[in-house]
Amino acid sequence: MIKKNTKLDWQQELIQAVSDYRELCRLLDLDPASLALPAKGLAGFPLKVPRGYIARMQKANPRDPLLLQVLPVLEEDQLVPGYNLDPVGEKGFNPVSGLLHKYQGRVLLTLTGICAINCRYCFRRHFPYAENTPSQQNWDQAFAYIQKDTSISEVILSGGDPLLLNDRSLRAFSEQCAAIPHVRRLRIHSRIPIVLPERITREFIAWIKELKQQVVLVTHCNHPQEIDAAVIEAMQGLKKAGVTLLNQAVLLKGINDEVDIQVALSEALFSAGMQPYYLHLLDRVQGAAHFEVDRTKIETLYRALSHRLPGYLVPKLVQENAGEGAKTVFGASLST
Ligand SMILES: *Cc1c(COP(=O)(O)O)cnc(C)c1O
Ligand code: SF4
């Protein structure tokens, strides 16, 4: 009981996220001198990692798979041909500020540009959020757009991380959505249930239960070590509230590019109530080339994965391509 009362709430957890490189090293018993920061510094895309996520890392291991997702490194400075600032070509599908309408029947709203964690491989690391996140009055424009197009049956709350919005803002948002009868599903794309499971409060679950649309939550978990008791508890609460829980992962060199890890990830996700949905090939964003897995290795890995798991535990291997009407889905071979 006492422990519960002294626990920080999620907003405090967020404020206390680690942004200092030296502090991260100290918490993990690592020597900062042995790691090489990007020479240009981190002003563009700072270090940011919640303490609860750090607690799942192995101490004194500079190759820890969770650490490698958040640790800024010198290789980010490399300019590699083919890696650019807008790899998925989002800028052309932006009819209204904060709204992306790329795929039929679905619109994606970037409700905030901020995340609870900064993942170094993220394709949004150069996204011009400042001009492209709707303040609440801009939501009206987005809702007007959705209202007018009756082919839109699903609204995807994305970002940044939409679960950084407080419950009051989420409620205001969903009330406006509820007034549009052709919107049948709300989908939430969030890494927060994994990296900051404290966010899944009783109040949040109460909001979910009030929604009249079906709710799908697509989490983002890349490694079985990310799933701890707090994550499992959050997922159980969401599952009981009737949410369909899916997961997307990104295939990352040195982090989850071994078949045993992918098998363990699928098993751990399913045990916690999530269904593997997508395994994304890396978006070729400037500064992330060192995460790219060799194509032959991907084919071997994915074939082995398909053999080792029941079909429903094999995520679809996909890639986002600029200008295409859907994500490209690969079979066991990467040529389509
Ligand atoms: C990925 C994505 C979606 C959702 O695609 P699904 O294949 O339905 O998961 C929708 N809009 C945009 C812009 C996307 O990038
Ligand atoms: S949480 Fe998602 S959107 Fe945010 S930095 Fe990580 S990968 Fe990017």
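Start at 1 and go down the list; that is how both ligands and their atoms are numbered.
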**Request:** Would you please determine whether Phe93 falls within less than 4.0 Å of ligand 1 on a heavy-atom basis?
**Result:** no
**Prompt:** What do we get for Val218 next to ligand 1 when only non-hydrogen atoms under 4.0 Å count, side chain, backbone, both or neither?
**Reply:** neither
**ligand 1 atoms in contact with Tyr277 (distance to a heavy atom under 4.0 Å)** = 6 (P), 7 (O), 8 (O), 9 (O)
**Request:** For the residue pair Gln58 and Gln225, confirm or rule out a side-chain donor-acceptor distance under 3.5 Å.
**Result:** no
**Asked** Of all the atoms in ligand 2, which lie at a distance below 4.0 Å from a heavy atom belonging to His220?
**Response** 2 (Fe), 7 (S)
**Asked** Can an N or O of His189 be found at a distance shorter than 3.5 Å from an N or O of ligand 1?
**Response** no
**Prompt:** Is there a side-chain contact between Leu170 and Phe204 (heavy atoms, below 4.5 Å)?
**Reply:** yes
**Asked** Is Asp161 in contact with ligand 2, taking contact as a heavy-atom separation below 4.0 Å?
**Response** no
**Asked** Atoms of ligand 1 less than 4.0 Å from Lys327 heavy atoms?
**Response** 1 (C), 2 (C), 3 (C), 5 (O), 14 (C), 15 (O)
**Asked** Going by an N to O cut-off under 4.0 Å, is there a salt bridge joining Arg56 and Asp64?
**Response** no
**Prompt:** So, Glu203 and Arg171, do they make that salt bridge, N to O below 4.0 Å?
**Reply:** no
**Asked** Between Lys297 and Glu258, is there a side-chain N and carboxylate O pair less than 4.0 Å apart?
**Response** yes
**Asked** Is there a side-chain contact between Cys177 and Phe143 (heavy atoms, below 4.5 Å)?
**Response** yes
**Prompt:** Under 4.5 Å between any side-chain heavy atoms of Pro193 and Arg199, yes or no?
**Reply:** no
**Salt-bridge criterion met for Arg51 and Glu23 (N-O under 4.0 Å)** = yes
**Prompt:** Numbering the atoms of ligand 1 from 1, which are under 4.0 Å from a heavy atom of Arg106?
**Reply:** 5 (O), 6 (P), 7 (O), 8 (O)
**Item:** Option with minimal heavy-atom separation from atom 8 (Fe) of ligand 2, where the choices are Cys119, Ser158, Gly113, Cys122
**Value:** Cys122
**Request:** Using a cut-off of strictly less than 2.8 Å, determine whether Cys115 has an N/O/S atom near atom 4 (Fe) of ligand 2.
**Result:** yes
**Request:** Could you tell me which atoms of ligand 2, counted from 1 in the order shown, lie closer than 4.0 angstrom to a heavy atom of Arg191?
**Result:** 1 (S)
**Asked** Do any heavy atoms of Arg187 fall under 4.0 Å from ligand 1?
**Response** yes
